[in-house]
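Both counts, for ligands and for their atoms, begin at 1 and track the order of listing. One is the number of the first residue; the rest follow in order along the sequence. Keep in mind that what you see is a predicted model, and the values were worked out from it rather than measured. Atoms considered below: every heavy atom in the structure, side chains included; atoms not considered: hydrogens, waters and symmetry mates.
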Amino acid sequence: MAKVSHNPAIGAHLFIGGIPTFMRQPASRDLEGVEVAIIGIPFDGGTLVSRSGTRSGPLKIREASLDLFKGCHPIFKVDPFDKFTRVDYGDVAVEPLSMEDTLKAIQEEVGAVLVSDTTVIALGGDHSITLPLLRTHAAKFGPLAVIHFDAHPDTADYEVSHATSFYHAIKEKLIDTEAYIQVGIRGPSILEDVEAARALGAQVLTIDECFAMGIPAVIQKITELMGRRRVYVSFDIDSVDPAYAPGTGSPEIGGFTSYQILQMVRGLAGLNLVGFDLVEVCPSYDHGEITSILAANLVLEFLSLLAVNKSKSS
Ligand code: MN
Ligand code: MN
């Protein structure tokens with residue numbers, strides 16, 4: 001019987017044991033020459049009335065990623081692990097009892113990573129972490145085009161939380177509202193929230209509109225709106241139906257399947273993508289790791305999107 005190969009860098013066989021970094025990428029904060037950093041932000045202090053526990057998201061997404069195989073992407077025909085240098089940066093030093101200190105820590109740590117010209121893929125945490133992420137990215141790139149997958153608009157008008165991050169980001173002019181789209185919005189009493197989001201300048205595709213148009217038309221609408229702008233992708237796992245992503249704090253029935261979300265994420269290939277977050281994975285409500293496996297696969301898709309762009313530019 002063939003032996004599994006040994007990886008001396010992590011002191012383990014390739015699939016068994018070792019340090020659970022994202023897909024076994026090196027755990028490092030030396031960003032010299034590093035093109036992509038995966039950063040955990042284990043903070044759920046922005047969760048209001050819904051179920052807390054997204055602080056464990058980064059850990060479980062990394063754990064689920066250990067079973068993913070590296071290799072050529074089936075659609076893009078590129079291998080993201082050949083295309084650029086990556087690290088797992090570890091986690092931002094969040095302060096569980098202080099939103100203010102956590103925002104500051106995220107801005108300082110992620111800001112320092114962006115200064116090194118490293119692209120960030122952030123793992124949440126609740127959706128409040130997107131506000132400091134947008135602050136750091138906008139400081140570097142200017143106001144950003146944003147693709148926001150979510151069941152909820154997150155544009156309520158009150159203090160910073162996971163339900164208000166995009167309200168604050170718009171008010172702080174971090175988002176270019178000419179190119180800000182929310183995709184998958186739904187819920188039993190969402191009408192007023194959608195109106196409020198549209199009044200702030202967001203384009204909103206409710207889930208009903210998405211399904212009426214069909215996924216290819218949704219992709220076309222998104223890509224036409226983004227054009228050649230610098231795009232930040234903020235991905236709330238609750239955009240996916242709770243049958244496919246039960247491990248989340250504010251589940252809304254009637255969402256995308258995992259295959260539909262995969263189609264849409266793959267549809268972003270070729271856009272000028274400058275940053276990503278994947279938020280609201282709440283492992284304590286997960287079953288059979290369905291949600292963290294989906295999340296880990298989506299992070300691999302984000303890496304693959306960056307690889308497509310890299311292979312075009314090189
Ligand atoms: Mn959200
Ligand atoms: Mn949501």
Side-chain angles (χ1 to χ4, degrees), residues 41-55 57-58 61 99 102-103 106 121-135 144 146-170 174-175 180-194 196-198 200 202-208 210 232-258 260-261 264-265 275-286 291-292 294-295 298:
I41 309 184
F43 180 70
D44 55 17
T47 307
L48 297 175
V49 291
S50 49
R51 312 179 297 181
S52 60
T54 58
R55 64 178 63 182
I61 296 168
M99 174 64 78
T102 295
L103 294 181
I106 297 169
I121 300 178
L123 312 178
D126 71 44
H127 221 157
S128 65
I129 67 166
T130 301
L131 177 60
L133 288 167
L134 284 171
R135 284 176 180 160
L144 294 151
V146 174
I147 307 168
H148 171 191
F149 292 100
D150 207 323
H152 315 97
D154 296 349
T155 43
D157 166 12
Y158 43 85
E159 64 187 81
V160 177
S161 79
H162 75 157
T164 65
S165 31
F166 292 86
Y167 172 81
H168 292 281
I170 290 169
L174 312 175
I175 295 179
Y180 170 35
I181 190 160
Q182 304 182 343
V183 184
I185 307 298
R186 62 188 183 275
S189 55
I190 207 74
L191 280 181
E192 271 180 32
D193 292 348
V194 169
R198 285 184 172 139
L200 287 166
Q203 305 247 2
V204 181
L205 285 180
T206 65
I207 199 82
D208 304 291
C210 291
Y232 184 94
V233 178
S234 187
F235 192 98
D236 186 327
I237 200 78
D238 70 28
S239 56
V240 181
D241 191 272
Y244 300 86
T248 194
S250 319
E252 299 289 352
I253 61 166
F256 298 114
T257 66
S258 46
Q260 287 166 332
I261 212 76
M264 277 188 288
V265 168
F276 299 85
D277 64 56
L278 192 155
V279 298
E280 297 285 346
V281 171
C282 188
S284 48
Y285 295 97
D286 207 3
T291 316
S292 46
L294 173 63
L298 288 169

### Message
Under 2.8 Å from the Mn ion (ligand 1), is there any N, O or S atom belonging to E280?
### Response
no

#### Entry: Degrees at the Mn ion (ligand 1) between the OD2 atom of D154 and the ND1 atom of H127, nearest 10°
90°

### Message
Strictly under 2.8 Å, is the Mn ion (ligand 2) approached by any N, O or S atom of H152?
### Response
yes

### Message
Side chains of D154 and S165: any donor to acceptor distance under 3.5 Å?
### Response
no

### Message
Check the orientation of Y180 and H148. Use parallel for under 30°, tilted for 30 to 60°, and perpendicular for over 60°.
### Response
parallel

### Task
Could you verify whether a donor N or O on one side chain and an acceptor N or O on the other, from S250 and D238, lie under 3.5 Å apart?
no

### Query
Going by atom types only, do D193 and H152 share a side-chain donor-acceptor pair under 3.5 Å?
no

### Task
Rounded to the nearest 10 degrees, what's the angle OD1 of D150 makes with OD2 of D236 at the Mn ion (ligand 2)? Could you check?
80°

### Task
Could you confirm whether H148 has any N/O/S atom lying under 2.8 Å from the Mn ion (ligand 1)?
no

### Message
Apply side-chain contact (heavy atoms from CB on, under 4.5 Å) to residues D150 and H127 and explain how you reach the verdict.
### Response
CA-CA 10 Å; D150 207 323; H127 221 157; 3.2 Å; yes

### Query
the Mn ion (ligand 2) is nearest to which N, O or S atom of D238?
OD2

